[in-house]
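As a basis for the values below, the full set of heavy atoms in this structure was taken, side chains included, without hydrogen atoms, waters or symmetry mates. In listed order, ligands and their atoms are each counted from 1.
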Amino acid sequence: MAGPKANELMEKIVSLCKRRGFIFQSSEIYGGINGFWDYGPLGAELKRNVKELWWRSMTQLREDVVGLEASIIMHPKIWEASGHTSTFSDPMVDCLGCRKRFRADQIEPRSGTAYSYGGATDNAAVELIVSRILHGGPSPARQIFEDALRQEPEEEQRYKLAVGALLNSSDAGLVRLGEEMGSLLQKRVRVDEPFSVLLPPGKQADSARKAAKQFYHQRGVSNAKPFGERAGNVEITTRYCNECGSLLTEPRQFNLMFKTYVGPVEDPDSVAYLRPETAQAIFAQFKTVLEVSRQKVPFGICQIGKAFRNEINPRNYTFRSREFEQMELEFFIRPDEVVEKLAGSVAKHSEGMDLSTPRPTWGWEVWHRYWMEQRLNWYYSIGLPAKSLSCYWQSREKNELAHYAKACVDIQFDFPFGTQELEGIAARGDFDLAQHQKFSGKSMEYFDEEARTKYVPHVIEPSAGVDRLILALICHAYSEDQAPDEKGNPETRVVMRFHPRVAPVKVAVFPLLKNRPELVQKARQVRDLLRPHLTVFYDETGAIGRRYRRQDEAGTPFGVTIDFDTLGEKGPELKETVTLRERDSMKQERVKTADLPSLLLEKVR
Ligand code: ATP
């Protein structure tokens with residue numbers, strides 16, 4: 001669980017992201033829209049870099065993977081075949097008190113004392129009469145009410161008892177009073193809906209009564225008097241709201257797909273969905289891509305694109321959004337029987353096995369491990385260290401694994417708010433292609449020339465979220481250290497320690513002084529020299545130390561300063577050299593201007 005320190009860190013990160021233009025709330029001028037985010041100038045660059053690096057490593061640097069860019073809205077049958085229409089849902093609960101909605105499986109178990117109520121009444125009119133009788137002088141009516149008070153602790157029952165006694169009396173005046181009260185009791189507002197609230201140990205019962213009053217007030221009982229209070233200890237329950245303690249409704253399934261209509265008529269035949277994942281387009285186009293790419297199994301098709309899920313409770317900043325991007329690969333392999341037929345046996349995974357070069361003997365299990373290793377290596381290559389990542393194997397016993405999946409491992413990152421999934425790598429058998437074959441009536445079989453047999457290929461699916469990865473990179477990059485300010489006094493420096501490969505801006509170019517045209521002109525020349533090769537940011541305003549700090553916050557790994565030495569004012573040996581400053585160590589070295597492009601390119605590739 002995230003503690004106060006982690007919350008504080010997240011607050012700093014969120015504020016930096018906003019201030020420096022990494023991430024903004026979508027539609028902010030209208031108060032934002034929950035679960036949707038925009039990437040500002042730095043965020044957009046960061047995202048592009050990440051997607052390009054993924055694309056390069058997945059397809060351009062490989063022989064056996066090709067790319068696809070499919071439409072977001074597809075034929076609705078796709079989602080029937082994939083199972084999304086019937087089962088892509090999360091259990092949802094509503095809080096009876098604060099009315100917020102939550103995912104039932106995300107409620108944290110709590111213990112405490114549960115106060116339950118049977119309902120509430122509004123007895124204001126009756127009470128008015130009763131208080132007048134009780135506060136008047138001694139009378140037979142007062143006697144009746146005092147008797148009832150002694151016999152019945154429950155207010156509801158007490159009134160009934162008193163009314164009965166009044167009606168049975170031989171005094172006409174008392175009978176009239178009984179009739180009046182009886183009709184008031186009948187007319188009063190009464191709600192019989194049960195309600196309960198969980199109080200943590202040590203909290204006063206009064207706050208439960210207050211919550212109950214509020215609950216019944218919302219249901220139309222204005223002077224609500226909850227009745228039938230019962231209290232009991234409850235251990236480790238997920239039936240109560242984590243925010244206000246009120247009872248939650250029973251969970252019901254909520255389909256996460258965004259629905260829309262295609263064409264001008266809003267009828268059931270024109271219903272379509274925004275894709276909840278990019279993968280299905282790859283399966284649907286499997287045959288077409290196979291034909292045009294002339295690939296042979298094993299081979300893969302990859303795609304980067306938007307996906308949409310109407311998440312019940314978007315949270316943890318961009319971690320769970322309603323619109324996000326995925327980077328997915330479907331890697332098609334031979335079924336194990338075919339591998340066995342061809343190679344004589346199927347290699348199984350063993351600890352320490354060499355996974356660097358695929359072999360014809362590999363069965364699904366080794367291919368799955370191969371992709372796990374490939375993906376982890378890729379994360380290391382963009383600056384997420386092994387110690388921040390972990391692998392979680394989904395378990396069949398805990399119902400985490402889809403019924404058709406042979407295995408699924410989640411690559412997780414240690415976010416400040418907890419260790420959470422970045423990417424899932426699933427061995428999905430032939431489920432998806434077989435389903436599309438069934439629903440479309442089109443063959444998804446592949447003729448394997450080497451094995452002289454036809455089969456529906458099996459698949460390994462590494463599926464990563466771009467936005468979650470961006471958040472992981474930002475959280476990992478954020479750091480604070482001490483650096484001297486303009487007067488040489490230590491101050492806290494915020495540095496985004498992005499790996500140069502993903503850093504939004506690779507190099508910043510500064511003339512030492514803005515008011516010296518020779519410096520400015522030279523600095524602009526250096527900027528233009530670098531611009532065709534790298535993302536450059538040019539900045540001439542403010543003290544040089546301040547300009548460095550601004551770039552440290554943006555995560556720019558290198559800074560180039562043009563000073564009087566560059567102009568040769570202190571001697572010919574330093575002419576045409578610049579100061580190159582490294583963000584993390586703050587070390588500065590003198591390098592030749594002409595060497596800058598090759599030197600920097602080597603560092604950022
Ligand atoms: P979770 O269990 O967190 O909802 P999932 O297991 O349903 O995720 P997948 O369907 O396997 O996720 O999707 C693959 C990847 O897509 C995830 O690993 C994640 O990086 C990303 N992803 C899924 N849902 C979201 C979301 N709501 N916001 C941002 N990224 C998401």
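- With hydrogens and angles left out, the side-chain atoms of Glu80 and Thr85 include no donor and acceptor closer than 3.5 Å.
- For CG of Leu61, the number of neighbouring non-hydrogen atoms (other residues, nucleotides, ligands) closer than 6.0 Å is greater than 12.
- The nearest heavy-atom contact from the protein to atom 20 (O) of ligand 1 is Leu422 O, 2.8 Å.
- Taking a 4.0 Å cut-off on heavy atoms, Asp467 fails to register as neighbouring ligand 1.
- Taking the ring axis of Phe324 as reference, the NZ or CZ atom of Arg322 does not stay both within 45° of it and closer than 6.0 Å to the ring centre.
- Among all non-hydrogen protein atoms, the one lying nearest atom 22 (N) of ligand 1 is Phe324 CE1, 3.5 Å.
- Taking every heavy atom of Glu311 and a limit of under 4.0 angstrom, the matching atoms of ligand 1 come to 26 (C), 27 (N).
- Around atom CZ of Arg62, more than 12 heavy atoms belonging to other residues, nucleotides or ligands sit under 6.0 Å away.
- Contact check for Glu461 versus Glu330: side-chain heavy atoms found under the 4.5 Å cut-off.
- Using a 4.0 Å cut-off between heavy atoms, Arg320 contacts ligand 1 through both its backbone and its side chain.
- Within 6.0 Å of the NZ atom in Lys306, the count of heavy atoms belonging to other residues, nucleotides or ligands exceeds 12.
- For ligand 1 and Glu423, the ligand atoms under 4.0 Å from any heavy atom of the residue are 18 (O).
- At least one heavy atom of Arg309 lies less than 4.0 angstrom from ligand 1.
- In this structure, Leu389 CG and Gln412 CD are separated by 10.0 Å, a value rounded to the nearest 0.5 Å.
- Of all the listed residues (Ser321, Ala472, Ala426), Ser321 holds the heavy atom that lies closest to atom 28 (N) of ligand 1.
- When Ala307, Pro462, Gly465 are checked for heavy-atom proximity to atom 21 (C) of ligand 1, Gly465 turns out nearest.
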